[in-house]
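Scroll down for the structure; my scribbles are underneath it.
Lettering of chains follows the sequences in order, A, B, ..., and the numbering in each one begins at 1.
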Number of protein chains: 2
Amino acid sequence: MQKVSLKFLSKELGLAEGTVSRALNGYSDISEATRSRVIACAEKHNYKANQTARRLATGVAEAVAYLMPANTNALSEPFVSQLLEGLGQSLARRNWDLLVVQASSSEEEAETIAKLSRSGKVSGVVISRPYKQDSRIELLRKYKVPFIVHGRSVSHADYAWYDVDSESAFMDAVDHLVMLGHRQIGFIGAPTYYHFAQMRLDGYRAGILSNGLKVNDSLIEVAELSDDAGERAAVNMLKSPASPTAILCATDTQAIGALAAIRAQGLEPGKDVSVIGYDGLAFGKHTNPPLTTMAQPLAHSGRQIGDMLLAIIDGGNPTDYQELRSAKLVRRMSDGPISGHTE
Amino acid sequence: MQKVSLKFLSKELGLAEGTVSRALNGYSDISEATRSRVIACAEKHNYKANQTARRLATGVAEAVAYLMPANTNALSEPFVSQLLEGLGQSLARRNWDLLVVQASSSEEEAETIAKLSRSGKVSGVVISRPYKQDSRIELLRKYKVPFIVHGRSVSHADYAWYDVDSESAFMDAVDHLVMLGHRQIGFIGAPTYYHFAQMRLDGYRAGILSNGLKVNDSLIEVAELSDDAGERAAVNMLKSPASPTAILCATDTQAIGALAAIRAQGLEPGKDVSVIGYDGLAFGKHTNPPLTTMAQPLAHSGRQIGDMLLAIIDGGNPTDYQELRSAKLVRRMSDGPISGHTE
DNA sequence: CTTGATTCCGAAAGCGCTTTCGGAATAGCG
DNA sequence: CGCTATTCCGAAAGCGCTTTCGGAATCAAG
């Protein structure tokens with residue numbers, strides 16, 4: 001199988017390489033006659049420009065990297081595949097590549113970003129789950145790499161992001177619980193170096209206060225992003241004197257752990273203690289009982305993020321690309337009126 | 001920020017570009033003295049060779065693509081992230097890139113592979129979940145792209161693969177169920193164009209026969225790879241006169257659906273009807289009841305697959321890289337002795 | 001028929017790196 | 001000290017494509 005390069009085509013056609021290239025790339029100084037000849041020949045031989053050479057010549061990488069969050073745990077990973085799928089679709093329309101890069105530690109993360117930017121192999125980057133102060137964001141800015149973040153850090157005024165308003169989602173969740181008669185509402189949060197964790201906690205607090213309740217610190221636990229951690233946090237909280245009748249969790253994964261903790265105490269989630277998660281993971285339908293959750297619109301987020309990033313790479317102003325979606329309550333079976341409420 | 005290229009370094013050092021390059025790449029015709037000078041200078045200026053140029057010059061892509069299976073559904077996706085993570089780690093040790101490419105349809109898949117091979121942007125490919133006859137495999141072979149498949153097709157003698165022996169896993173599962181007293185054992189399979197689906201079905205059949213039972217076609221259903229499909233298949237089977245006391249499912253996702261179906265009939269999974277899944281997904285711990293499953297060793301499969309592919313790219317013989325792992329039973333709560341067994 | 005404007009294409013210079021080749025400088029040997 | 005063998009580096013030719021520039025050929029206008 002003869003390798004079909006520009007040179008090959010040019011010989012075949014009796015044209016100069018540059019001419020063939022220009023014909024293929026839509027330059028206006030090529031007559032329609034020869035252009036169609038060239039295109040026909042290219043198709044006939046199934047010509048695909050060597051991307052590497054093209055990249056080198058044009059200086060544009062035609063590729064985007066997704067920085068995979070380190071230490072993800074199996075339960076929450078579906079969001080990675082979803083995002084990747086959407087990103088891929090968005091990039092595919094331009095024939096761009098999607099690179100997945102990872103770094104295990106955060107120092108390594110800096111190193112990785114530095115390498116990415118210098119090696120010039122990507123024209124843009126997307127990162128997930130930013131910290132409150134996120135050094136990745138600062139680096140990306142410093143190196144002037146176009147990027148978009150899936151989530152927001154504290155000062156998110158001057159870069160592009162796509163996020164779901166979890167703060168008001170948690171306010172809504174508290175409202176919902178209060179409406180069901182709950183007064184002792186607990187919160188299992190995530191480590192607050194994650195900005196999303198802080199926002200969710202803020203939403204919880206705001207919701208409590210706006211309902212005329214008092215924030216009780218013994219009803220607040222912080223747990224890692226895993227089912228086991230959620231479970232441990234829930235047993236702690238259940239043990240505390242301020243026994244909650246409902247528990248809000250920062251993530252579905254933790255909420256699932258909480259469910260287990262409640263059942264382990266001989267209590268019935270959804271009757272004795274309500275629990276509401278956040279994320280809207282599909283398998284929440286199958287937990288025991290099915291998990292009520294604040295669902296975020298995951299569906300096309302990947303594609304949208306991709307489109308936004310592309311727009312920025314094309315010269316768009318990053319601050320024009322900030323999008324805040326909202327989550328909505330999906331009631332399944334893990335919430336209910338406070339027990340004894342009907343007495 | 002001055003861009004630091006080979007030219008820059010060579011001027012800085014008063015050496016020729018080629019010399020600097022050779023020094024950095026460990027050629028033996030460079031004196032140790034100048035080599036260390038060069039390295040020091042490179043580090044000082046944080047030089048990273050432009051990958052694109054390097055690729056063009058050497059002709060090696062230094063990148064591997066993962067062909068994302070189309071139409072994955074959220075419930076089963078954790079395996080994608082896991083695989084990607086492992087692959088990434090493996091490639092990172094050489095500083096290679098991981099590309100994620102996808103194709104929505106199978107014609108598009110062929111197109112994608114063709115493009116991949118011709119554009120020369122990857123030196124290897126990994127694909128998942130092969131069909132019995134998989135055109136992707138044939139294409140990859142035809143184009144002489146090094147590849148490895150995660151799973152096996154029917155004729156898997158002459159390429160590299162990494163798979164779990166689900167056939168014997170299903171035989172084991174049947175044995176287990178028989179030991180618990182079950183005689184009416186149903187099977188919810190996947191579409192048999194997936195070779196894994198065929199192998200699991202074969203394992204089921206072999207298990208039934210080796211236990212002196214008879215294969216009853218009304219106890220065999222085929223369902224898509226989703227919880228809903230699993231549920232539908234299970235209600236069908238439960239409706240049939242040959243009422244099963246246990247159901248084996250080709251995937252955990254389907255098994256979870258089966259659990260729901262059983263409960264919907266007012267029966268108790270694990271007591272009235274046992275169900276055993278396959279995959280060992282983490283969230284099986286949280287289903288109602290927790291799902292007994294044949295767990296495959298997902299943990300480092302990604303890294304291993306990456307290492308195997310790299311070895312092949314380095315010139316290894318593909319057939320030397322075929323690895324068959326085995327799954328093992330993880331008992332949770334969805335299996336139990338046949339009801340009435342103790343009477 | 002001459003001149004100036006257009007249209008269309010060829011030639012050539014890169015993009016930043018690798019790698020081969022040859023030659024100067026040094027070393028080893030008799 | 002002369003000669004060959006080493007050691008070490010510079011020069012240059014690509015890798016396959018893009019893009020600028022200029023010029024030949026064609027056209028319209030005077």
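With salt bridges taken as basic N to acidic carboxylate O contacts below 4.0 Å, none links R152(A) and D134(A). Checked for salt-bridge contact, R325(B) and E323(B) meet the test: a charged N lies under 4.0 Å from a carboxylate O. Classification of E17(B) and K7(B) as a salt-bridged pair fails, no side-chain N sitting under 4.0 Å from a carboxylate O.
For the residue pair Y66(A) / S128(A), a side-chain donor-acceptor distance below 3.5 Å is found, with atom types taken as modelled. A donor atom on one side chain and an acceptor atom on the other are found under 3.5 Å apart for S153(B) and Y159(B). Under the 3.5 Å distance criterion, with hydrogens and angles disregarded, no donor-acceptor pair is assigned to the side chains of T319(A) and D158(A).
Residue-level contact check: I30(A) touches the backbone only, with heavy atoms under 4.0 Å from sugar-phosphate atoms and none from bases. Across all strands shown, N50(B) has heavy atoms under 4.0 Å from sugar-phosphate atoms exclusively, and none from any base. Here S21(B) lies in heavy-atom contact (under 4.0 Å) with a base. Counting non-hydrogen atoms under 4.0 angstrom, T34(A) reaches the backbone sugars and phosphates but no base. Within 4.0 Å (heavy atoms only), G120(B) reaches no atom of the nucleic acid at all. Nucleic acid contact class of G59(A) (heavy atoms, under 4.0 Å, all strands): none. Within 4.0 Å (heavy atoms only), S31(A) reaches sugar-phosphate atoms of the nucleic acid but no base atom.
Between H150(B) and Y162(B), the two ring planes are tilted [angle within 30° to 60°]. Using a 30° and 60° split on the angle between ring planes, H156(B) and W161(B) fall in the perpendicular class, above 60°.
Ranked by how close their nearest DNA chain C nucleotide is to the 5' end, R22(B) and Q51(B) are led by Q51(B). Comparing E32(B) and T58(B) against DNA chain D, the residue whose closest nucleotide sits nearer the 5' end is E32(B).
Think of the region where chain A sits on DNA chain D: with heavy atoms and a 4.0 Å cut, that region ends 5' and 3' at dG16(D) to dT20(D).
Remark: aromatic rings of H195(A) and Y131(A) are distant, center separation not under 6.0 Å.
Over its length, the helix from dC1(C)-dG30(D) to dG30(C)-dC1(D) turns its helix axis by 50°, as judged from the five terminal pairs at each end, rounded to 10°.
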